Amino acid sequence: MALDFRGATEALFDRVTVEDLAAELDLKPQTISRPAWRRTANGHRSPPSNWEAAVARLAKRRAEQFRKLAEKLS
């Protein structure tokens, strides 16, 4: 089934959320929702130790979603 314009653009503009990253890290969203990770900021929090792998997994999933979207539209 071909995508219509609305479905295609919704898929294109879909984004990864704080909730997605929190789920990937098995944390509560409020744990990572503030980008106050600069050491000089009030309320500084260190990022989770495994954040790189979690972001990489999410990025790979998004890349696969974009690949599939492109295939459907080609």
Side-chain angles (χ1 to χ4, degrees):
M1 177 180 153
L3 288 175
D4 62 8
F5 181 75
R6 181 178 177 169
T9 55
E10 284 178 353
L12 181 64
F13 299 141
D14 190 27
R15 65 186 180 102
V16 177
T17 65
V18 168
E19 290 79 13
D20 296 329
L21 181 56
E24 194 66 34
L25 291 165
D26 197 29
L27 297 171
K28 292 181 180 180
Q30 55 269 36
T31 305
I32 60 168
S33 64
R34 283 194 256 173
W37 291 350
R38 287 179 292 150
R39 295 182 194 276
T40 57
N42 289 336
H44 165 71
R45 293 183 190 167
S46 296
S49 61
N50 55 344
W51 71 268
E52 294 98 335
V55 170
R57 287 190 299 272
L58 288 170
K60 287 176 184 176
R61 279 190 222 133
R62 268 318 263 151
E64 181 62 17
Q65 291 169 344
F66 282 137
R67 187 189 64 72
K68 288 179 181 178
L69 175 61
E71 284 179 2
K72 286 181 183 180
L73 296 170
S74 296

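Values in this document were obtained by computation on a predicted structure and should not be read as measured data.
- Atoms CD and CG, from Glu52 and Asn50 in turn, are 8.5 Å apart once rounded to the nearest 0.5 Å.
- Checked against salt bridge (charged side-chain N to carboxylate O under 4.0 Å, His left out), Arg62 has no partners two or more places apart in sequence or in another chain.
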(request) Take Val55 and Val16 through the side chain to side chain contact (heavy atoms under 4.5 Å, CB included) test and state the conclusion after the steps. (result) CA-CA 10 Å; Val55 170; Val16 177; over 6 Å; no

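- For the atom pair CD (Gln30) and CD (Glu19), the distance works out to 9.5 Å, reported to the nearest 0.5 Å.
- Partners of Glu71 according to the side-chain hydrogen bond (donor to acceptor under 3.5 Å, both in side chains) rule, which considers only residues two or more places apart in sequence or in another chain, are Arg67.
- Scanning for side-chain hydrogen bond (donor to acceptor under 3.5 Å, both in side chains) contacts around Asp20 gives Thr17, with sequence neighbours left out.
- At a threshold of 4.5 Å between side-chain heavy atoms, the hydrophobic network of Ile, Leu, Val, Met, Phe, Trp and Tyr places Phe13 and Leu73 in one connected group.
- Each salt bridge (charged side-chain N to carboxylate O under 4.0 Å, His left out) pair with one or both residues in residues 2-14, not counting sequence neighbours, appears once here: Arg6-Glu10.
- Legend: residues meeting side chain to side chain contact (heavy atoms under 4.5 Å, CB included) with Leu27, ordered by chain and number and at least two apart, are Leu25, Thr31, Ile32, Pro48.
- Considering all non-hydrogen atoms of both residues, Leu3 and Ala8 come closest at CD1-CA, 4.1 Å.
- The closest side-chain heavy-atom distance from Glu24 to Arg61 is below 4.5 Å.
- A heavy-atom distance below 4.5 Å is found between the side chains of Leu12 and Phe66.
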